[in-house]
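Because only heavy atoms are used, hydrogens play no part in the values below, and waters and symmetry mates are left out as well, while side chains stay in.
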Amino acid sequence: MRCWSPRLVSDGHTHARQGNTRYVGKSWWLLCRAAVWVMCVGVFGGAASADELRPAYLQLIEQDNQVIDVHWRVPGRGENQRLALNVLFGSEVEVLSQPFERNVSGSNLRDWKIRREQGLAGLAITIQGLEKTPTEVLARIEYRNGATLSHRFSPEAPSYQVPLQPGWSETVVTYFVLGVEHIVFGIDHLLFVFVLLLLVRSTRKLIATITAFTVAHSITLILAALELVVIPVPPVEACIALSIVFVATEIIRGQQGHPGLTERSPWIVAFAFGLLHGLGFAAALGEIGLPQNAILTALVVFNLGVEVGQLAFVAAVLVVWQVIQRLPVSIPVWAHRLPAYVVGSMASFWVFERVASFWN
């Protein structure tokens with residue numbers, strides 16, 4: 001069974017066939033021009049709005065004498081600006097120190113202390129301005145007894161009341177959603193899966209390839225999240241983009257009649273680069289950390305969320321392809337070859353962009 005079997009337009013021998021070919025070719029040319037334009041907007045426009053999509057981070061640590069340490073990190077906008085997000089607490093909170101503010105690595109950081117007689121339990125928190133942005137706020141809350149919980153503020157739910165004790169279900173929901181969102185909104189990871197789908201020609205190979213990618217990134221995700229493997233994030237992100245360029249190049253070589261190991265045994269490449277992508281997934285966990293009282297649970301459900309998002313994407317691509325195959329049109333050869341060039345070009349831009357960021 002073949003997963004990818006596009007019907008290519010051959011030379012017509014009748015006037016009607018030639019007319020249909022010209023009509024289909026023109027339609028596909030317009031469609032592909034629109035697709036390229038949208039992707040360019042996504043790459044170059046996405047760079048401009050990247051700060052809007054990066055999550056803010058709130059950490060609350062309960063100390064003795066009802067004192068709570070507050071750490072607030074907001075994505076920067078340029079050198080001296082930041083997203084207009086602020087933390088508001090209930091009226092019973094006493095501010096003990098003014099925020100110590102500085103800009104570090106593209107983020108605005110603020111640290112201060114507050115006091116509340118009841119401590120963390122029942123503390124009301126509101127993220128002012130969150131409803132006006134597309135970003136989220138990830139919160140890590142640590143009780144005096146060492147118990148921790150994580151919470152996700154969204155534009156639809158910018159307020160939260162800290163419970164008396166952290167609940168297991170909240171950790172599960174928070175980290176599962178984080179896993180799904182990381183893969184769904186991580187366009188570089190999705191494009192790598194997409195080029196694998198372009199490369200694989202049979203259901204058996206597809207299953208083996210996706211399984212190899214899943215096993216590999218699960219291994220490095222766990223190792224990096226537990227800090228058994230520590231690698232700087234910028235080089236990892238650059239190499240992830242380079243992995244997309246590599247597979248796109250292999251697709252083009254195969255289309256030119258020079259198939260390599262990647263096409264013959266795609267699971268080998270998927271496993272090798274999957275180890276790299278797992279380090280990228282772990283970087284997302286590094287933004288919020290792991291609850292010390294539920295490390296294993298958080299790791300498992302985050303990874304499960306990544307897998308659900310990944311499988312949903314694969315299913316969506318296959319469904320769309322089946323729909324296209326059933327349309328009463330034929331796909332010209334050049335349109336079949338275009339995706340690898342477009343994706344490879346996008347990834348090449350990311351490689352240069354991310355390597356350049358090493359010195360920023």
Side-chain angles (χ1 to χ4, degrees), residues 138 150 171-200 203-248 250 260-315 317 347 350-351 354:
L138 306 178
S150 301
T171 298
V172 170
V173 172
T174 297
Y175 281 88
F176 179 82
V177 172
L178 284 175
V180 173
E181 288 184 342
H182 184 68
I183 187 70
V184 170
F185 295 108
I187 188 171
D188 48 0
H189 299 301
L190 288 186
L191 283 185
F192 183 77
V193 175
F194 180 68
V195 290
L196 288 178
L197 292 175
L198 290 178
L199 186 68
V200 177
T203 300
R204 182 181 63 83
K205 282 188 176 181
L206 175 62
I207 294 174
T209 301
I210 296 300
T211 300
F213 182 65
T214 298
V215 171
H217 73 61
S218 298
I219 291 173
T220 47
L221 167 61
I222 294 173
L223 293 178
L226 296 178
E227 297 184 352
L228 299 176
V229 173
V230 180
I231 299 178
V233 175
V236 169
E237 295 294 337
C239 290
I240 286 174
L242 193 60
S243 71
I244 303 172
V245 176
F246 176 82
V247 179
E250 287 291 283
L261 175 65
T262 305
E263 185 168 338
R264 293 193 300 270
S265 303
W267 52 85
I268 296 178
V269 173
F271 184 86
F273 285 128
L275 296 173
L276 191 64
H277 283 251
L279 297 175
F281 295 148
L285 271 182
E287 292 288 329
I288 186 172
L290 292 168
Q292 296 303 305
N293 57 323
I295 292 178
L296 181 60
T297 299
L299 267 176
V300 170
V301 296
F302 179 84
N303 197 47
L304 182 60
V306 169
E307 300 316 315
V308 169
Q310 177 178 286
L311 292 176
F313 174 74
V314 171
V317 171
W350 288 335
V351 171
R354 294 174 182 183

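- Taking OG of S150 as the start and CG of L178 as the end, the distance is 8.0 Å to the nearest 0.5 Å.
- Among pairs with a residue in residues 225-239, those fulfilling salt bridge (charged side-chain N to carboxylate O under 4.0 Å, His left out) read E237-R354, at least two apart in sequence or across chains.
- When the side-chain contact (heavy atoms from CB on, under 4.5 Å) test is applied to A248, no partner is found at least two apart in sequence or on another chain.
- Between Y175 and T297 the shortest side-chain heavy-atom distance does not fall below 4.5 Å.
- Residues L226 and I295 have side chains in contact (heavy-atom distance under 4.5 Å, counting atoms from C-beta outward).
- When side chains are defined from C-beta on, L276 does not count as touching F192, because their heavy atoms never get closer than 4.5 Å.
- In this structure the side chain of F194 never reaches within 4.5 angstrom of the side chain of L190, judged on heavy atoms.
- Checked against ring pair (Phe, Tyr, Trp, His ring centres under 6.0 Å), F313 has no partners two or more places apart in sequence or in another chain.
- Between the CG atom of D188 and the CD1 atom of I240 there is a distance of 5.5 Å, given to the nearest 0.5 Å.
- The two atoms that bring A238 and V351 nearest to each other are O-CG2, 4.1 Å, heavy atoms only.
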Enumerate donor-acceptor pairs with a distance under 3.5 Å from any side-chain N or O in residues 214-223 to protein atoms, sequence neighbours excluded.
from: T214; atom 1: OG1; to: I210; atom 2: O; distance (Å): 2.9
from: T214; atom 1: OG1; to: E307; atom 2: OE1; distance (Å): 3.1
from: T214; atom 1: OG1; to: Q310; atom 2: NE2; distance (Å): 3.2
from: H217; atom 1: NE2; to: E307; atom 2: OE2; distance (Å): 2.9
from: S218; atom 1: OG; to: T214; atom 2: O; distance (Å): 2.7
from: S218; atom 1: OG; to: N303; atom 2: ND2; distance (Å): 2.9
from: T220; atom 1: OG1; to: A216; atom 2: O; distance (Å): 3.4
from: T220; atom 1: OG1; to: L275; atom 2: O; distance (Å): 2.7

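- In this structure, L191 and W350 have side chains that are in contact, with non-hydrogen atoms separated by less than 4.5 Å.
- Sequence neighbours left out, the pairs with a member in residues 267-286 that pass side chain to side chain donor-acceptor pair (under 3.5 Å) are H189-H277, S243-H277.
- Atom CG in L299 sits 12.5 Å away from atom CG in L304 (nearest 0.5 Å).
- Residues V236 and G280 share a closest heavy-atom pair of CG1-N, 3.9 Å.
- For residues 173-183, the salt bridge (charged side-chain N to carboxylate O under 4.0 Å, His left out) pairs, not counting sequence neighbours, are R152-E181.
- For the pair F281/I183, a side-chain contact is recorded, criterion being any heavy-atom separation below 4.5 Å from C-beta on.
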